[in-house]
Amino acid sequence: MLDDTYFMRQALIEAQRAYDKNEVPVGAVVVANHRIIARAHNLVETLNDVTAHAEMQAITAAANVLGGKYLTDCTLFVTVEPCPMCAGALGWAQLSRVVYGASDEKRGFSKSAPSVLHPKTTVTSGVLAEECAKLMKAFFEKIR
């Protein structure tokens with residue numbers, strides 16, 4: 001069954017791809033009509049671009065697939081709570097739903113910019129949170 005857990009596992013596959021490239025392991029997928037239309041992971045180091053977060057890459061890819069800038073009937077699944085920059089972009093893209101795994105106490109949008117998403121966007125947090133957090137912890141232990 002294609003549920004939140006299934007799609008978050010797909011985002012975790014993307015996060016593992018980032019991990020394997022020595023990128024901060026955040027992965028994302030965009031879903032429309034129960035189908036993945038975009039997959040992405042962090043490419044900040046690869047592209048030498050501080051804005052190349054998984055969510056930003058996924059928004060661009062999904063917009064290209066749909067042929068427009070608004071993702072009103074789409075859901076973004078991302079392994080870690082979006083930062084304020086990404087949440088702002090998600091707000092401008094007007095996603096109907098954002099689902100994230102692990103919370104980000106330091107840089108997540110919910111504490112510093114809770115109203116930045118579009119007013120109609122619903123948020124679900126904590127989907128496979130432990131698995132998502134485990135990959136992040138492993139990455140930061142590896143680089144320290």
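The first residue in the sequence is number 1, and the count goes up from there. Excluded from the calculations below are hydrogen atoms, water molecules and symmetry mates; all remaining heavy atoms, backbone and side chain alike, are included.
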request  = Can you tell me which residue pairs pass the ring-ring contact (aromatic ring centres under 6.0 Å, His included) test with a partner in residues 59-107, sequence neighbours excluded?
outcome  = Phe7-Phe77
ask   = Considering all heavy atoms of both residues, which atom of Pro114 and which atom of Ser112 are nearest to each other, and what is their separation?
value = CD-C, 3.7 Å
ask   = Sequence neighbours excluded, which residues qualify as side-chain contact (heavy atoms from CB on, under 4.5 Å) partners of Ile37?
value = Val30, Ala32, Arg35, Ala62, Val65, Leu66, Cys74
query = More than 12 non-hydrogen atoms from neighbouring residues, nucleotides or ligands closer than 6.0 Å to CG on Asn64, yes or no?
reply = yes
ask   = Could you state the interatomic distance from CG (Leu71) to CG (Leu95), rounded to the nearest 0.5 Å?
value = 4.5 Å
message = Is there a path of hydrophobic side-chain contacts, each under 4.5 Å between heavy atoms of I/L/V/M/F/W/Y residues, joining Met56 to Ile36?
response = no
inquiry  = Could you tell me if the side chain of Phe139 sits less than 4.5 Å from the side chain of Ile143, heavy atoms only?
reply    = yes
message = In this structure, would Val50 and Val26 fall into the same cluster of hydrophobic residues linked by side-chain contacts under 4.5 Å?
response = no
request  = Just do the side chain to side chain contact (heavy atoms under 4.5 Å, CB included) check on Cys132 and Leu12 with the steps written out, would you?
outcome  = CA-CA 7 Å; Cys132 296; Leu12 274 164; 4.0 Å; yes
request  = Scan for salt bridge (charged side-chain N to carboxylate O under 4.0 Å, His left out) pairs involving residues 86-109, sequence neighbours excluded, and state none if there are none.
outcome  = Asp4-Arg97, Glu105-Lys111
key: Donor-acceptor under 3.5 Å (Thr79 side chain, Gly101 main chain)   = no
Nearest-0.5 Å distance that lies between atom CD in Gln57 and atom OG1 in Thr51 = 7.5 Å
key: Min side-chain heavy-atom separation Thr121-Gln94 under 4.5 Å   = no
message = Could you check whether any side-chain heavy atom of Gln16 comes within less than 4.5 Å of a side-chain heavy atom of Pro25, counting everything from C-beta outward?
response = no
inquiry  = Quick test of your reading: applying salt bridge (charged side-chain N to carboxylate O under 4.0 Å, His left out), list the pairs with at least one residue in residues 131-144, sequence neighbours left out, ordered by first then second residue.
reply    = Arg9-Glu131
task = Give the cluster check for Leu128 versus Ile13: same hydrophobic cluster or not, with ILVMFWY residues linked at side-chain heavy-atom distances below 4.5 Å.
result = no
task = Drop me the distance from Leu90's CG to Met85's CE, to the nearest 0.5 angstrom.
result = 10.0 Å
query = Would the number of heavy atoms belonging to other residues, nucleotides or ligands and lying under 6.0 Å from CG of Asn48 be above 12?
reply = no
Co-membership, hydrophobic cluster, residues Leu2 and Val127, 4.5 Å side-chain = yes
Please list, one pair per line, the donor and acceptor atoms closer than 3.5 Å that link side chains of residues 38-46 to other protein atoms, with sequence neighbours excluded.
residue, atom, partner, partner atom, Å
Arg39, NH1, Gln10, OE1, 3.2
Arg39, NH2, Gln10, OE1, 3.0
His41, ND1, Glu14, OE1, 2.9
His41, NE2, Lys21, NZ, 3.0
Asn42, OD1, Ala54, N, 2.7
Asn42, ND2, Val24, O, 3.1
Thr46, OG1, Glu23, OE2, 2.7

task = Would you please name every residue forming a side-chain contact (heavy atoms from CB on, under 4.5 Å) with Ala113, sequence neighbours left out?
result = Pro84, Val116
task = Starting at CG of Asn33, measure out to OG1 of Thr75 and round the result to the nearest 0.5 Å.
result = 10.0 Å
Nearest heavy atoms of Glu55 and Leu76, plus distance in Å = CG-CD2, 3.9 Å
